[in-house]
Each structure stands twice: as C-alpha cells, then as structure tokens.
2 protein chains.
Amino acid sequence: MTTSRTKPERGRNALGPALELVHTGRAPTRAVLTTELGVTRATAGAVAGELQTLGLITVDVRPGAAAGSQGRPSHRLTIADDGPVALAVQIHADGFRVALVGLGGRIVATAPACGEVHPDPAVALAEAVAAGAELLRETGRRCVGAGLAVPSAVTEPDGIALNPLHLRWPPGSPVREIFTRCLDEAGVPVTGFCGNDVNLAALAEHRHGAGHGARDLLCVATGHRGVGGALVLDGRLHTGSAGLALEVGHLTVDPAGRPCHCGSRGCLDVETDPMALLEAAGREPGPDGSLLDQACALARSAGPGGGADETVRGATRSLIDRLARGLAGLVNILNPDRIVLGGLHRALLEADPGRLRAGVADHSLWGRSGSVSIVPGTLDHGSLVGAAELAWQPVLDDPPGALRARTPVGT
Amino acid sequence: MTTSRTKPERGRNALGPALELVHTGRAPTRAVLTTELGVTRATAGAVAGELQTLGLITVDVRPGAAAGSQGRPSHRLTIADDGPVALAVQIHADGFRVALVGLGGRIVATAPACGEVHPDPAVALAEAVAAGAELLRETGRRCVGAGLAVPSAVTEPDGIALNPLHLRWPPGSPVREIFTRCLDEAGVPVTGFCGNDVNLAALAEHRHGAGHGARDLLCVATGHRGVGGALVLDGRLHTGSAGLALEVGHLTVDPAGRPCHCGSRGCLDVETDPMALLEAAGREPGPDGSLLDQACALARSAGPGGGADETVRGATRSLIDRLARGLAGLVNILNPDRIVLGGLHRALLEADPGRLRAGVADHSLWGRSGSVSIVPGTLDHGSLVGAAELAWQPVLDDPPGALRARTPVGT
DNA sequence: CCGTTTTGTTCATGGGGGTCACAAAGCGAG
DNA sequence: CTCGCTTTGTGACCCCCATGAACAAAACGG
C-alpha cells in the first residue's frame with residue numbers, strides 16, 4: 001500500500017554546511033560534498049536533492065571537463081540560475097550602489113549608480129531601497145533578505161552607525177531600524193542587516209576573493225579618508241562584543257608623526273590614507289576624480305614602469321614603511337595567516353610588494369617564524385557582496401527554515 | 001527474552017556540553033542542565049547517568065539548601081571526589097609547580113614547590129614530570145592528560161617555545177615533544193599539551209575565575225619582566241593562526257618613552273612591567289623576594305591607605321596612565337567585553353581602579369559607548385589550572401571516547 | 001490530608017544518518 | 001569490442017539517540 005506520508009528527505013542537519021560549500025565554490029560535485037562534509041554518499045545525495053528541490057542549486061549531468069580521469073564522471077552541482085537573490089546596498093561618500101546578489105557572490109543585477117547621498121539617512125535609504133525593489137520587480141526574482149554596507153562603525157546587535165561622518169549623517173543613526181522600515185514601506189518584506197563596509201568587504205573576500213581558505217584573515221583598507229580593518233575567524237566575521245572591533249586607524253606608526261584628531265600623533269589613520277600620500281608627494285587634491293582614485297593613481301605610477309618622479313616615489317616608499325609598521329603591530333596582536341589589502345593600501349602593495357612584505361616581517365616579532373601572506377583584494381564591489389552575505393547567512397545556516405519564512409516578491 | 005546487548009546509555013551527543021556545564025559550575029542540577037542544554041528532562045537525566053557511570057560526577061540526593069522554594073527539590077550534581085585528574089605543570093622564572101587538577105579547576109594535590117629550573121628543558125621537564133608521577137602514585141588517581149604552561153610564545157600546532165629566555169632555555173625548544181617524551185619515560189602514558197602561561201591563565205580565569213561568562217575576554221598580565229596578553233572568544237582560547245597572537249608587549253604607549261629591544265620606543269613591555277615601576281619610583285631591585293613581588297607591594301602601597309610617599313604614588317600613577325593607553329589600543333582592536341588583569345597590572349588596577357578605567361575610556365575610540373569592565377584576576381595559580389584545562393579538553397569534547405583511550409596510573 | 005509545583009524516570013515513537021549492496025558511467029588492457 | 005577496474009549515484013534496511021507523554025516522587029501550603 002502506498003503510504004501518503006511526506007517524503008523522507010534525509011540529510012537535514014548537513015544542509016547548511018553543504019550549501020555553504022557550494023556557495024563558496026568548494027563543492028562542485030556530490031563526491032567532494034561527501035568528503036568535505038564527512039558523510040556517506042547516500043547522505044550527500046539526499047542533501048543535494050533537497051537543495052535542488054529548494055530551488056537553490058541545479059544538477060548538470062555534465063558533458064565534458066573531467067577532472068579526475070578515472071571512474072564514473074560526477075554530476076556538476078551548479079548554483080541555480082533563477083534562484084533567489086539578496087538585496088545589497090552600499091553607501092559611500094560619493095553615492096550609493098544597489099544590486100541583487102545570488103549565491104556564490106554573483107551580482108545578478110545592478111541599479112544605475114547614484115552619485116549623491118541625502119544627508120537624512122531615512123531619505124537616502126528609501127531611495128536606495130526603492131531602486132532595489134525596482135530591480136526585484138524587473139527580474140522577478142525571489143528575495144531572501146537585504147544587507148546594507150555603511151562607512152561607519154556599526155554596533156552589534158542594535159545596528160547603530162556611530163560615525164557616518166563622511167555621509168554627513170548624524171552620529172548614532174539607527175541605520176538597521178531605518179533600513180528595515182524602508183524595506184517594509186517599499187513592499188520588500190525581508191529582514192535588513194547592516195554592517196561596516198570594510199568588515200563586509202573582508203567577509204566577501206574571504207568567501208569569494210583573495211581571502212578564500214584563510215583561517216585567520218585580516219583585511220585593512222582605506223576609503224577616501226581614514227583606514228578601516230576587519231577580521232574573519234573560521235569563516236565568521238569577528239566584530240568584537242559590541243561590533244566595534246578592528247578600529248585599526250589609531251595604531252601608532254610614527255611616534256614623531258603628525259597629530260591626529262584622536263589626541264595622539266602618527267596614527268595609521270593620518271599617516272597612510274589618500275590625503276597623506278598626496279601631501280607627502282606635494283600634490284594638491286585635484287577637483288577631478290575622488291581623493292582615493294588620485295592617490296591610487298599616484299601610488300601606481302610609483303610602481304615598476306610607472307615613471308613617477310623621485311618625490312612621488314619617496315612619498316610612496318614612506319607610506320609603505322608606515323603601513324608596514326601598522327600591519328606588523330596588528331600581526332603581533334592577531335597573528336593572521338593572510339592579510340588582504342584594499343583601497344590605497346592595495347595600490348601601495350602593488351607598487352612595491354617586496355618592500356611592504358619585508359617591512360612587515362622586520363617589524364613584527366615573529367615575522368620570520370609565523371609567515372603571513374599579504375595579498376591585494378580581488379573583488380571590485382566587496383562591500384556590496386559582503387552586504388549580501390549578511391542577508392544570505394540565515395539561509396546558509398538553515399536553508400529550509402529560512403526559505404519557508406520568506407515570501408517571494410516580483411511582479 | 002533478555003537481549004544481551006550493552007545498556008542503551010542514551011544522550012551521547014549532549015555529553016560533552018553537559019560536562020562542560022558541570023565543569024564550569026553552571027549546572028548544579030539536572031533541571032538547569034535541561035534548560036541550559038535545550039533538551040528534554042529525559043535526555044538530561046540520561047546524560048547525567050552516563051556521566052555518573054563514567055565516574056566523572058556524583059549525584060547527591062541532597063539534604064538542605066533549597067534554592068527554589070517550591071516544587072520537588074532537585075538532586076545536586078557534584079564533581080566526583082575520586083574522579084580522574086589532569087597533571088599540570090607550570091614553569092616560571094623562579095622554579096616550577098606541579099599539581100593534579102580535577103574537574104572544575106580544583107587543585108587536588110600539589111607537589112612541593114621547586115625553586116630552580118634546569119637550563120636544559122629535557123632535564124627540567126623530567127624533574128617536573130617525575131614529581132607529577134609521584135603525586136599520581138600517592139593519590140592513586142586516574143590521569144586523563146597532562147598540560148604544561150611555559151613563559152614563552154608557543155607555536156601551534158607543533159608546540160615549540162620560541163623565546164623561553166627567562167628560563168635560559170634555548171629558543172625554539174620543542175617543549176611539547178620533550179614533555180610528551182618525559183611523560184612516556186615516567187610511565188604516565190597520556191598526551192601532553194603545552195601553552196603560553198598567560199594564555200592558559202586567561203583560559204582558567206574564563207572558566208573558573210574573573211572572566212566567567214565573558215563573551216570576548218582579554219587578559220593582560222606581567223610576569224617578572226615584560227607583558228603578556230591573551231584572548232578568549234566564545235570560551236575558546238584565540239591563539240591566532242600559528243599560536244603567536246596577543247603579543248601585546250610592543251604596543252606604543254609613550255612615543256617619547258624609553259627604547260625597547262624591539263627597535264621602537266615606549267613599548268608597553270618596557271613601560272609597565274615591574275622593572276619600570278621600580279625605576280620610576282627610584283628603587284633598586286632588592287635581593288629579597290622577586291621583582292614581581294617587590295613591584296606589586298610598591299603598587300599596593302600607593303593605593304588607598306597604603307601610605308606611600310609622593311614619588312611612589314607618582315610613579316604608580318604614571319604606570320597606570322601608560323597601561324591605560326595600551327589597554328585602550330587593545331580595546332580599539334579587539335573590543336572585548338571584559339578585561340582581566342594579572343601580575344603587576346592587577347596591583348595597579350587595585351591601587352587606583354578609577355584612574356585606570358577612566359584612562360581606558362578616554363583613550364579608546366568608543367570608550368563611552370562600548371563599555372568594557374576591567375577587573376582583577378581571581379585565581380592564584382591560573383596558569384596551572386589553565387594547563388590542566390588543556391589536558392581536560394579532549395574529555396570535555398567527547399567524554400566516553402577520551403576516557404576509553406586512557407589507562408589508569410597509580411600504584 | 002489533599003492540590004500544586006517542580007523534578008526525575010520509564011516507555012514507545014520517530015527522525016536522521018550509517019551500512020550495504022547494486023546500478024551506472026567512463027577508462028584502459030587485451 | 002568486450003571485459004574488468006574504478007569511481008559515482010541510489011535504494012533498502014538498521015541503529016542510535018532525542019523527543020513526547022504519562023507516571024512517580026518530593027517538598028510546600030492551605
């Protein structure tokens with residue numbers, strides 16, 4: 001007799017880890033899923049089937065590209081082309097970006113860039129969310145959540161932006177609350193998550209970029225002014241007990257350096273940011289292009305084949321040396337196995353990788369013993385992808401549970 | 001028919017977490033075990049029964065001391081009086097300590113203190129382990145493992161002491177390997193674990209002392225010379241990717257300070273250690289008592305009702321201010337919710353708690369927003385207890401598995 | 001002495017993953 | 001081309017462990 005019970009659907013516990021493996025590109029087939037998850041082939045097959053019925057992945061009985069030459073070729077697990085997406089918003093000093101991001105950190109759709117941020121966070125976020133809702137309508141994709149990246153320290157768990165000064169937003173703005181309200185009003189009934197932009201870029205680099213596979217990943221990056229840091233431990237963002245960790249800007253890198261608004265002098269913040277390079281090179285910030293772009297161009301010109309004059313080369317070397325001191329200080333405290341640099345710091349690394357790496361090794365206590373690799377970031381819109389990661393996280397933790405709760409949007 | 005199968009013994013999965021709750025004193029009865037573990041009463045009962053048959057805990061149908069006034073009184077879960085122990089060894093500049101430590105961080109037996117450390121680590125550790133084996137023989141207790149605390153950075157996972165300079169051991173000594181060999185030769189067939197003494201003290205403070213319940217715990221302590229740090233995240237020691245994290249001694253706390261052997265100047269290491277206080281107070285290190293004890297006594301005399309002269313008070317204040325700068329720098333990077341201080345730093349805190357706390361708040365970026373509590377350590381032999389924690393960890397992770405593998409010692 | 005409340009225990013039930021055997025799909029040797 | 005060899009995918013059955021419900025136990029209060 002055919003019992004009318006619901007199908008067994010085994011492998012519910014391993015569902016989250018399995019999706020995470022596919023998400024980070026570490027599980028192209030059921031076979032590697034088996035070994036990575038440490039379960040049997042039967043369970044891995046059931047897990048893959050469940051993810052398929054959830055509409056998250058598709059299975060290709062693939063035509064070619066055999067990796068292992070022997071044995072039965074495995075089926076390829078692919079992220080579903082028409083699967084759900086996360087709504088990602090990044091606010092920066094020059095405007096905001098809005099995109100839909102699917103599993104695997106793939107940017108599925110982007111709204112036209114906006115070049116101005118309204119000084120009232122409620123208005124600015126309403127604009128951004130409206131653009132996102134429009135994208136959802138156009139694509140008809142289901143939305144699993146929304147993430148927001150802000151150039152400010154953001155408290156945990158309340159989601160308050162303490163210093164969004166470059167946006168001219170009031171300090172202490174409750175951005176998570178505002179973001180969630182905007183989502184509600186725009187008819188996108190999903191949870192909103194917020195985070196610091198450098199933190200989120202670090203998360204994205206760890207899952208889909210230059211930080212892939214690192215156990216203890218340290219990211220350091222400049223925006224237009226100032227320096228930010230982030231730490232990813234065991235695949236999770238470490239934000240400290242209140243979300244305020246990795247404020248690395250006020251490490252002392254030059255005891256005789258210029259005064260900083262924090263009261264000390266020679267801070268990383270004022271000694272290695274774009275303005276510092278322009279000043280050291282004797283340049284005025286030009287009207288065309290952002291401060292960050294100008295500084296990066298300058299640093300690149302000081303690199304091999306860049307053809308910069310001696311003043312610029314000297315200024316770049318000087319900044320590299322100070323950055324090395326700062327990174328060495330962080331290495332002493334955090335002992336990461338990889339450092340990913342972004343913004344101007346990435347350009348400094350690319351201008352003279354040897355000098356920076358040697359400087360860090362020289363100034364850190366165990367520079368010779370504990371080897372740390374220092375690499376440039378690889379993602380163009382890391383903060384945006386990272387914001388989406390926040391929204392995807394509940395799905396990665398419990399796929400069926402998170403997807404049950406959400407309602408589709410579109411049309 | 002009576003099936004001759006082994007007894008069911010349910011609740012194997014929750015066994016580790018349950019033991020950890022008892023171990024850290026957070027599960028006095030089966031009832032709280034139920035709520036803390038998030039399982040049913042049936043499972044909690046089975047778990048308690050299993051721990052009992054393993055000889056780790058005992059159940060007291062207790063006579064008095066009813067906490068909740070209503071309902072059936074619960075049975076008290078107690079750590080077994082004759083249960084297994086861990087062999088703990090702490091090496092410090094003035095000698096070594098050896099003890100047997102039971103669950104809950106209880107020191108069960110101590111060997112007479114030894115006042116000298118042989119310059120060959122193999123000889124020194126053989127002496128210590130011999131004393132430990134003697135203790136095991138005397139008490140007849142079963143041994144689950146052995147832990148060693150060393151005043152040096154220790155690499156993970158190989159267990160190499162990079163700078164045991166105060167012991168006059170050669171840098172790069174493979175202490176874990178030596179320790180394990182000594183254990184074998186002494187007839188104590190257990191695994192040996194090693195760690196930095198401050199790290200282990202932090203672990204002990206988190207589980208049994210002033211750090212109990214903290215999410216992100218930072219410990220900073222002085223030995224006789226220099227400063228050490230440690231971080232406990234979510235109950236686990238964070239030692240970085242190679243075990244070399246939290247080398248906090250070379251944070252700059254006074255840009256105009258005295259030169260440090262690291263090449264910089266004004267490092268926490270040389271500005272806030274016992275020698276720094278003695279120098280600032282114009283005292284010579286006396287022959288009687290250790291440097292640490294003299295400095296602590298001096299700091300205490302500068303506290304309320306201590307009756308120190310103005311020179312000593314000024315020196316103490318100055319050290320407190322520099323320590324505050326260093327702690328603030330760490331707060332900016334790590335954002336802990338609690339800081340436990342040990343050694344001279346503990347004495348400095350107790351001499352003037354208000355000044356230190358205000359200094360940290362003033363110099364940290366979010367001192368006002370992200371509140372961090374700063375407290376003195378409470379354990380007398382934190383490193384020793386922490387070393388035992390290392391040895392206990394496998395048992396906490398998988399009680400039946402770890403206990404099956406071990407063989408009893410004694411007699 | 002009897003309800004109420006909380007705790008501990010027994011027993012049947014069921015979900016979820018493991019084990020095992022078998023089928024499928026290429027590769028290479030003969 | 002056919003026959004093994006190797007690896008991958010799948011279905012049937014089993015075992016472990018936690019749940020849920022009912023019952024028993026041990027106080028307290030009227």
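Each chain gets a letter, A, B and so on, in the order the sequences are listed, and its residues count up from 1.
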Next item on the list: Report which part of the nucleic acid A:Thr40 touches: base, sugar-phosphate, or nothing (heavy-atom distance under 4.0 Å, all strands).
Entry: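 Result for A:Thr40 = base.
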Notebook entry, point to check: Does any donor atom in the side chain of B:His212 or B:Arg207 lie under 3.5 Å from an acceptor atom in the other side chain?
Noted result: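 No.
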Note to self: Under 3.5 Å, is there a donor on one side chain and an acceptor on the other for A:His23 and A:Glu389?
What the structure shows: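 Checked: A:His23/A:Glu389 side chains pair up, N/O donor to acceptor below 3.5 Å.
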Atom-pair distance ([atom1] on [X]; [atom2] on [N]), nearest Å:
| X | N | atom1 | atom2 | value |
| --- | --- | --- | --- | --- |
| B:Asn13 | D:dT19 | CG | P | 11 Å |
| B:Leu33 | D:dA18 | CG | C1' | 14 Å |
| A:Leu37 | D:dT8 | CG | P | 15 Å |
| B:Asp60 | C:dG8 | CG | C1' | 16 Å |
| A:His75 | D:dT7 | NE2 | P | 17 Å |
| B:Leu77 | C:dG8 | CG | C1' | 12 Å |
| A:Arg41 | D:dT6 | CZ | P | 14 Å |
| A:Glu50 | D:dT10 | CD | P | 14 Å |

Check: Could one point to a donor on the side chain of A:Arg72 or the base of D:dT7 with an acceptor on the other under 3.5 Å away?
Finding: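 Between D:dT7 and A:Arg72, which were checked side chain against base, a qualifying N/O pair under 3.5 Å is absent.
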[X] side chain, from C-beta outward: closest of [options]:
| X | options | value |
| --- | --- | --- |
| A:Ser74 | D:dA26, D:dG9, C:dG26 | D:dG9 |
| B:Gln70 | C:dT5, D:dT10, D:dT19 | C:dT5 |
| B:Ala31 | C:dA25, D:dA21, C:dG8 | C:dG8 |

Checklist line | Gap separating the CG atom of B:Leu379 from the CD atom of B:Glu205, nearest 0.5 angstrom | finding: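 Nearest 0.5 Å value for the CG-CD distance: 4.0 Å.
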Checklist line | Set of residues satisfying salt bridge (charged side-chain N to carboxylate O under 4.0 Å, His left out) with respect to B:Asp397, sequence neighbours excluded | finding: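 Salt bridge (charged side-chain N to carboxylate O under 4.0 Å, His left out) list for B:Asp397, sorted by chain: B:Arg236.
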Check: Any Lys/Arg nitrogen of A:Glu36 or A:Arg26 sitting under 4.0 Å from an Asp/Glu carboxylate oxygen of the other?
Finding: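 A salt bridge is absent here (no side-chain N lies under 4.0 Å from a carboxylate O).
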Notebook entry, point to check: Hey, is the side chain of A:Thr43 poking within less than 4.0 Å of OP1 or OP2 on C:dG18, counting only N and O atoms?
Noted result: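 Indeed, a polar side-chain atom of A:Thr43 lies that close.
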